[in-house]
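Worksheet for the structure shown next.
Numbered from 1 within each chain, the chains take letters A, B, ... in sequence-line order.
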Protein chains: 2
Amino acid sequence: MNEAQIQSLRPDWELAREEFVAQWGALGSHWGINRTMAQIHALLMTAPEPMDTEQIMARLHISRGNANTNLRELIGWGLIRLIVKKGERREYFEAEKDVWKMFITIAKERKRRELDPALLVLKQCAEQTQTETAGPGKAFHDQMKELQEFVEFGMKVSDTVASMKHASALQWAMRLLS
Amino acid sequence: MNEAQIQSLRPDWELAREEFVAQWGALGSHWGINRTMAQIHALLMTAPEPMDTEQIMARLHISRGNANTNLRELIGWGLIRLIVKKGERREYFEAEKDVWKMFITIAKERKRRELDPALLVLKQCAEQTQTETAGPGKAFHDQMKELQEFVEFGMKVSDTVASMKHASALQWAMRLLS
DNA sequence: AAGAAGTTTCAGAACTATCTGAAAACATAG
DNA sequence: CTATGTTTTCAGATAGTTCTGAAACTTCTT
């Protein structure tokens with residue numbers, strides 16, 4: 001069976017899905033996530049059933065190694081989980097579909113990867129210039145301090161939001177927006 | 001004068017600054033921003049005076065072309081501005097130092113670059129599957145809708161926060177955290 | 001108008017990230 | 001223990017991004 005025939009057998013929504021997967025991948029690479037990883041995530045997010053490695057390889061035209069690496073990476077992020085069906089040796093994968101949970105997971109992970117190391121740098125730089133009491137040295141120290149406090153503050157907000165249930169977050173946000 | 005001599009003449013805080021610039025650059029490349037751009041930004045953010053292209057090239061050991069490209073890019077982000085000193089032809093650059101303003105600028109720009117195109121994709125996919133009324137097609141449509149609403153919601157929150165003055169944002173956040 | 005001082009552009013070089021494919025490791029069943 | 005189906009690893013290939021350096025361009029001065 002050739003591509004065109006397969007295409008014609010595929011229900012309508014699958015076309016939209018294909019589009020979603022492709023575009024999501026392109027977007028991913030705009031924001032520091034690698035294209036394939038984003039595509040796999042999009043694919044699983046819209047899968048009615050858990051999928052195995054072979055299926056993913058086939059749908060995305062990628063190699064086994066690539067699929068495997070990115071699946072592990074996604075598991076590392078906590079965005080998908082491994083499913084073992086009884087009586088089957090093969091591993092299946094399934095994505096978290098709840099949007100709020102997904103958001104929390106991504107927020108936590110980004111905090112860990114982006115904010116934590118930044119904070120470390122800022123603290124060190126602030127510390128090393130403790131003794132400066134005037135002039136540009138003082139100005140530098142103050143700036144590092146300000147940045148540090150801002151980042152710490154952002155982290156607190158992020159933690160608070162992340163610990164909320166969807167409903168209370170919504171309520172809180174409504175208050176903000178009104 | 002050799003490197004070591006220059007080094008010894010540099011006041012203490014400059015060492016911390018050097019560290020900050022280097023580390024900030026490394027961080028930048030972790031989150032989708034290119035290394036040089038992040039370094040230039042860090043350098044200008046901690047500069048007591050506006051700097052010109054030559055100075056930046058010398059401090060970071062980069063070529064004129066590279067410096068120029070990334071300076072324009074930073075101007076595009078709205079993170080630095082061009083300063084023309086009277087009676088001088090040379091262009092100087094200065095970074096916004098207020099942390100809150102910097103945050104707003106980055107947030108707006110990221111919204112424009114990350115959220116806007118994502119929303120477009122989601123809307124299209126939701127639209128194309130309007131007619132699905134059951135089964136996996138419906139599930140797909142619903143998921144797109146949920147994502148769309150979530151992103152729109154996030155954008156509203158981001159707009160609201162971005163329009164706040166530092167003081168009122170702080171007040172608002174205090175309420176959240178307590 | 002010619003020269004000086006500066007900025008911008010861009011083709012190719014250097015570097016980095018990602019992907020492939022085949023081999024090795026692992027797990028299960030017989 | 002061996003055969004078989006599956007996952008993991010990793011060296012090298014490929015693709016993508018960033019950087020250089022020199023030439024072209026612009027602007028100002030005399």
Next on the checklist: Categorize A:Thr36 for me: base, sugar-phosphate, or nothing, with a 4.0 angstrom heavy-atom threshold over every strand shown.
Outcome noted: sugar-phosphate
Checklist entry - How would you label the contact of A:Asn34 with the nucleic acid (heavy atoms, under 4.0 Å): base, sugar-phosphate, or nothing? => result sugar-phosphate
Next on the checklist: Can you tell me how the ring of A:Trp100 sits relative to the ring of A:His166, calling it parallel under 30°, perpendicular over 60° and tilted otherwise?
Outcome noted: parallel
Checklist outcome for this item: 5'-most contact on DNA chain D (nearest-nucleotide basis), A:Arg35 vs A:Asn68, goes to A:Asn68
Next on the checklist: Any N or O donor-acceptor pair under 3.5 Å from the base of D:dT27 to the side chain of B:Arg89?
Outcome noted: yes
Item to check | Within one Ile-Leu-Val-Met-Phe-Trp-Tyr cluster: A:Trp24 and A:Met57, side-chain cutoff 4.5 Å | outcome: no
Item to check | Spacing between B:Ile33 atom CD1 and D:dT17 atom P, to the nearest angstrom | outcome: 16 Å
Checklist outcome for this item: B:Thr105 and B:Trp77 have their tightest heavy-atom pair at CG2-O, 3.1 Å
Next on the checklist: Taking CD in B:Glu109 as the centre, count heavy atoms belonging to other residues, nucleotides or ligands within less than 6.0 Å. Is the count above 12?
Outcome noted: yes
Item to check | B:Tyr92 reachable from B:Val84 in the ILVMFWY side-chain graph, under 4.5 Å edges | outcome: no
Checklist entry - Separation of A:Arg64 atom CZ from D:dT8 atom P, in whole Å? => result 11 Å
Checklist entry - Please give, in whole Å, the distance from D:dT20 P to B:Ile56 CD1? => result 14 Å
Item to check | Nearest-Å distance for atom pair CG/P, residues A:Leu74 and D:dT8 | outcome: 14 Å
Checklist outcome for this item: Here the distance between atom P of D:dC28 and atom CZ of B:Arg90, to the nearest Å, is 15 Å
Checklist entry - Within this structure, what is the CE-to-C1' distance between B:Met37 and D:dT18, rounded to whole angstrom? => result 13 Å
Item to check | Positional range of nucleotides in DNA chain C within the contact set of chain A, heavy-atom, under 4.0 Å | outcome: C:dT18 to C:dT28
Checklist entry - In whole angstroms, how far is the C1' atom of D:dT7 from the CG atom of A:Asn66? => result 15 Å
Checklist outcome for this item: Value for CG (A:Leu177) from OG1 (B:Thr160), rounded to nearest 0.5 Å, stands at 4.5 Å
Checklist entry - Separation of A:Met51 atom CE from D:dT6 atom P, in whole Å? => result 16 Å
Next on the checklist: When you measure from the side chain of B:Thr129 to the backbone of B:Glu132, do you find a donor-acceptor pair of N or O atoms at a distance under 3.5 Å?
Outcome noted: no
Checklist entry - A:Thr69 side chain N/O closer than 4.0 Å to the phosphate oxygens (OP1, OP2) of D:dT8? => result no
Next on the checklist: Counting the atoms with a prime plus P, OP1 and OP2 as sugar-phosphate, which does A:Asn70 contact under 4.0 Å by heavy atoms, base, sugar-phosphate, or nothing?
Outcome noted: sugar-phosphate
Checklist outcome for this item: Of A:Glu88 and A:Gly65, the one whose nearest nucleotide on DNA chain D sits closer to the 5' end is A:Glu88
Item to check | Closest nucleotide among D:dT20, D:dT7, D:dT8 to the A:Thr53 side chain | outcome: D:dT7
